[in-house]
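See structure below.
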Amino acid sequence: MDLEHDAPTMETKKKRGFAAMDPEKVREIAHRGGLAVHARGTAHRFTSEQAVEAGRKGGHAPHRVRGRKEGTP
């Protein structure tokens with residue numbers, strides 16, 4: 001199996017979903033979604049404590065694997 005020829009390249013790989021849409025169209029859809037959840041009363045509102053915690057975490061949680069030595073869980 002030749003991975004060089006089987007993997008899609010940037011030239012042949014087509015964008016799908018929101019990535020294929022005009023950025024202004026995506027923004028309009030997101031705007032309508034935001035209005036809808038606020039109208040229903042189901043939108044999440046961060047407390048100042050939640051915002052502080054989110055800021056403290058920064059990008060650490062998704063990257064917790066970084067810095068581990070090889071062979072350690």
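Treat the numbers as computed from the prediction; the structure is a model and nothing was measured.
- For Ser48, there are no side chain to side chain donor-acceptor pair (under 3.5 Å) partners two or more places apart in sequence or in a different chain.
- The side-chain contact (heavy atoms from CB on, under 4.5 Å) test applied to Ala54 returns no partner, not counting sequence neighbours.
- Scanning for side chain to side chain donor-acceptor pair (under 3.5 Å) contacts around Arg40 gives Thr42, with sequence neighbours left out.
- If you chain together ILVMFWY residues whose side-chain heavy atoms come under 4.5 Å of each other, Phe18 ends up grouped with Met21, Val26, Ile29.
- Across Ala20 and Lys15, no two heavy atoms sit closer than the pair CB-O, 3.5 Å.
- Annotation: side chain to side chain donor-acceptor pair (under 3.5 Å) contacts involving residues 19-33, sequence neighbours excluded, comprise Glu28-Arg32.
- With hydrogens and angles ignored, the 3.5 Å screen pairs no side-chain donor or acceptor of Glu53 with any backbone N or O of Gln50.
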